[in-house]
Amino acid sequence: MSDAHCDVAVLGGGPAGAGVALALRARTRLSVTLVERTSHGAPRIGETLPPDARRPLMGLGVWERFLRDGHLRSRGTASCWGSATVGHHDTLMAPFGSAWHLDRARFDASLCAQVAERGGTVRTGTALVGCEALGAEGFELRLSHPVEGPTTLGARFVVDATGWRAAFATSRGGRRRVADRCFALYGDFLLREGAAFSTQALVEARPEGWWYSALLPGRRVVVGLMGDGESLRGVRGPDAWLGLLARTTATRERLEACDFSGAPPRAVPAAVACLDRVHAEHWLAVGDAACTLDSLSSQGITQALGSALLAAEALEQHLRGRPGALEAYAARVRLGFAEHLRTRDHYYREERRWPDAPFWRNRRQSLAVRALAA
C-alpha cells in the first residue's frame, strides 16, 4: 500500500510542472502533489522572459506575485544576425510592457510556494526512482529523499514535467524525435562595481554558432555559445571558449566592463525535439518534456507556462470523462511545435555569411531535409 495518495502527481517543479499544479488547484478540487528533485537552492542559468509571458502568468494567477519578486526588467534584445550591424528590438512600446531577466531559482521557488498556498502538496529534494502501473488506479511512484528515505505515492494520473529528459514519459515508451541536436556552453562573468551594462540581451552570430549574453540579478552576466558537435569539437575548457569569445565583436565589447569568473563553461543540451506521443490514458507530458524549442526563440518558459494551462484544462476534462480531451491536447502540442519549426527555419535562413562553416551548413542541410520530408 502506498504511503500517500493523490489525484494528480506532477513530476518536476519548474514553470511547466508548477504551472499545471497551480492551474489544477485553481479550477478543480483535485488533490495535487508536486515532486521536485532539487530544493531550488542551486544557481540556475538565467533566462530572458519576453513581454507576452504576462498572459500565461496572469492566466495562472501569479502575475502580481511575479512583479513583487523583483526580477530584472529588460528593454528587450539586440542582435547581430545576418550582418555585423547591431539591430535593436526594444520593448519600450510593446503592448505587454518590458521583458525580464529571470532569477530562475527564485522564480521556480516562488511558483512552488504558491502551489502549497493553494492547497497542493510540494515535496522538494525528492527524486523519482521507479514506478508501477496499477491499471485503472493509475501508478504507484517510488520516491527517495535524503532525509526522509524511501516512500511511495499513489496517483490516479501523472504529469511528466521533468524537462528535456522526459524521464517518466520515456520510461512508459515515449521517444524523442529530434529535429536538431545542439548544445550550449555557458560561462559566468561579474559586472564590476560602478560599471554600466545594457539590460538588453544580445545575440551575435559567428562562424561557430551564435552567442547569447544577458545581465542577471546580483550583477552576474551569463554568456552562452550555441553550437553543435561539429562546430564546437574540442571546445571544452575556459581557454578555448574564451578564445572564440575574443573573436566576437558586440559581445566582447559589452564584456569589457566585466570579469570572467574562471569557472569552466557548463555544457547544456539544447536539442530541438518533440515526443512521439505526449500522453497515454493515465499520464501526459508538458513543457520541455513534451517538446523543446530552439533557445533562439526565447520562448521556452512562455511555452512551458502556456502548455501548463492547456494540460490542466485537458486533464480536468479527461478526469470528468470527456472523450478525446488528451488527444486534443496532444494535437495542439504537435501543431505548436510545427509552427515553431517554420518560424525557426525563417530566422536561420537569414544568416548567410558563413555558408561553409559547419554550424551553418548543418542548419541549412537540416532545413532542406525537413522541407523534403514535409
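Numbers here simply count residues along the sequence, with the first being 1.
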Trainee: Counting only heavy atoms not in R181, do more than 12 fall under 6.0 Å of its CZ?
Mentor: no
Trainee: Taking the six-membered ring for Trp, are W211 and W241 closer than 6.0 Å centroid to centroid?
Mentor: yes
Trainee: Could you tell me whether the side chain of F66 reaches within less than 4.5 Å of the side chain of L60, counting heavy atoms only?
Mentor: no
Trainee: Please tell me whether T28 and E316 have a donor and an acceptor in their side chains that are separated by less than 3.5 angstrom.
Mentor: no
Trainee: Which of parallel (below 30°), tilted (30 to 60°) and perpendicular (above 60°) describes W100 and W63?
Mentor: perpendicular
Trainee: Check whether more than 12 heavy atoms from other residues, nucleotides or ligands sit under 6.0 Å from atom CD of E327, and answer yes or no.
Mentor: yes
Trainee: Less than 3.5 Å apart, any donor N or O on the side chain of D294 or Y348 sitting next to an acceptor on the other?
Mentor: yes
Trainee: Taking the basic N atoms (NZ, or NE/NH1/NH2) and the acidic carboxylate oxygens, is any pair closer than 4.0 Å for D188 and R266?
Mentor: yes
Trainee: Given side chains that start at C-beta, do those of R206 and E208 come closer than 4.5 Å, heavy atoms only?
Mentor: yes
Trainee: May I ask you to check whether T249 and E253 show a side-chain donor-acceptor distance below 3.5 Å?
Mentor: no
Trainee: We want to know whether T151 and D3 form a side-chain donor-acceptor pair, criterion being a heavy-atom distance below 3.5 angstrom.
Mentor: no
Trainee: Short question: side chain of R25, backbone of A21 - any donor-acceptor pair under 3.5 Å?
Mentor: no
Trainee: Other residues, nucleotides and ligands only: do more than 12 of their heavy atoms fall within 6.0 Å of CZ on R332?
Mentor: no
Trainee: For a ring-ring contact (aromatic ring centres under 6.0 Å, His included) with F139, tell me which candidate from F157, W283, F168 qualifies.
Mentor: F168
Trainee: I'd like to know if the side chain of R118 and the backbone of L22 have a donor-acceptor N/O pair within less than 3.5 Å.
Mentor: yes
